[in-house]
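Shown next, in structure tokens, is the structure this report addresses.
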Amino acid sequence: MRIATWNVNSIKARLPNVTAWLAEAAPDVVLLQELKCETAAMPADAFRDMGYEVHAVGQKTYNGVAILSKRPVTDLVTRLDGEPEDEQARYVEGTIDGIRVASLYLPNGNPLGTEKYPYKLRWMDRLKARAASLLDSGVPFVLGGDYNVIPQPEDCYDPEAWSTDALFRYETRAKFRELLNLGLTEAYRALHPAARHAYTFWDYQAGAWPRDLGIRIDHFLLSPAAADRLLACDIDRGPRGQEKASDHTPVLLDLMD
DNA sequence: ATGGTTGTTGGACAA
């Protein structure tokens, strides 16, 4: 099974880029983030025409996640437990061929000193609780998406400059490690321990892309049973260099069938 | 040190 994750920064603005890339990369499952549209406004027909089921969880203007799948998706979950008043569209999860697969958009958390950062940390606690529950269930699972977390200094171009940012500060990385220490495998780093400049996001500003000033924030976290089936995990920088690109580029995961 | 960009939206806000 081939699974892709991609923060598209508006599915409407990115539709030609996304459909062209899907035709070439041919993933069985696609995890999208930052749809920036309401659920009903998701351009689902474009993906159905390519053989995908479409399961979007959207809202106006901000956030929004989706799972596209060539095989049936069952038992959909569309939010994380723990904060019933939270209406941000950041999580969707379903079962595909016996694997629980989630598309998540973890809060950015900037600027520090506002409610945004505590919200990010609480959201990470809620995700950890969900992962613990899935581990208890024994089902293999893959949590993919935009984590808005730079795990290690080698995952950004200038660790010193990022040291006080919500994506990299110590407390954020510690929470991410808590998640990993449940027993999850971060697929890209597990397969490419020495990789440098393996970025998934480059800011639109200040020539970040041509200068390769990026960060690695889009990840796949795998349960032990899913990690046993890990074949490959790679970043495709191609889409970031195209016209009208998202500021993120897709990451691909291959699991043994 | 500031400003630099893109998307949604029709002035900021988010990233």
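Residue numbering restarts at 1 for every chain, and letters A, B, ... go by the order of the sequence lines.
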Between B:dA15 atom C1' and A:Y199 atom OH, what is the distance in whole Å? 19 Å
Interatomic distance, CZ@A:F176 vs CD@A:Q152, rounded to 0.5 Å, equals 9.0 Å
Side-chain atoms of A:K36 come closest, of B:dT5, B:dT8, B:dA15, to B:dT8
Are A:D236 and A:W21 close enough that some pair of their side-chain heavy atoms sits under 4.5 Å apart? yes
Return the value, rounded to whole Å, for the distance between atom NZ of A:K60 and atom C1' of B:dC13. 14 Å
Counting C-beta onward and ignoring hydrogens, is there a side-chain heavy-atom pair between A:T114 and A:Y119 closer than 4.5 Å? no
May I have the distance from A:N148 (atom CG) to B:dA15 (atom P), rounded to whole angstrom? 8 Å
Measure from the side chain of A:K244, starting at C-beta and using heavy atoms only, and say which of B:dT6, B:dG7, B:dA15 lies closest. B:dG7
Identify, between A:A206 and A:D146, the residue whose nearest nucleotide on DNA chain B lies closer to the 5' end. A:A206
Exactly one candidate in A:Q33, A:K120, A:M124 meets side chain to side chain contact (heavy atoms under 4.5 Å, CB included) with A:N148; the answer is A:K120
Which of these nucleotides, B:dT6, B:dA15, B:dG7, is closest to any side-chain atom of A:Y204? B:dT6
Between B:dA1 and B:dA15, how far apart are the P atoms? Round to whole Å, please. 26 Å
Less than 4.5 Å apart, any side-chain heavy atom of A:L222 and any of A:L255? yes
A:Y62 side-chain proximity, nearest of B:dT5, B:dA15, B:dC13: B:dC13
Atom CG of A:N63 and atom P of B:dC13: how far apart are they, to the nearest Å? 17 Å
Rounding to a whole Å, what distance do you find between A:Q205:CD and B:dT6:C1'? 9 Å
Between A:I150 (CD1) and B:dA15 (C1'), how many Å, whole number? 13 Å
On DNA chain B, check which nucleotide each of A:A245 and A:E34 is closest to and give me the residue with the more 5' one. A:A245
Mind checking if A:F201 touches a base, just sugar-phosphate, or nothing, with heavy atoms under 4.0 Å? nothing
Considering only atom C1', compute the distance from B:dT6 to B:dG10 and round it to an integer number of Å. 16 Å
Roughly how many Å is it from NZ in A:K120 to P in B:dA15, rounded to a whole number? 10 Å
Winner on side-chain proximity to A:T61, out of B:dT6, B:dA14, B:dT8, is B:dT8
Nearest-Å distance, CG (A:L213) to P (B:dG4)? 17 Å
From the options B:dG4, B:dA14, B:dG7, select the nucleotide whose nearest atom is closest to the side chain of A:R14. B:dG7
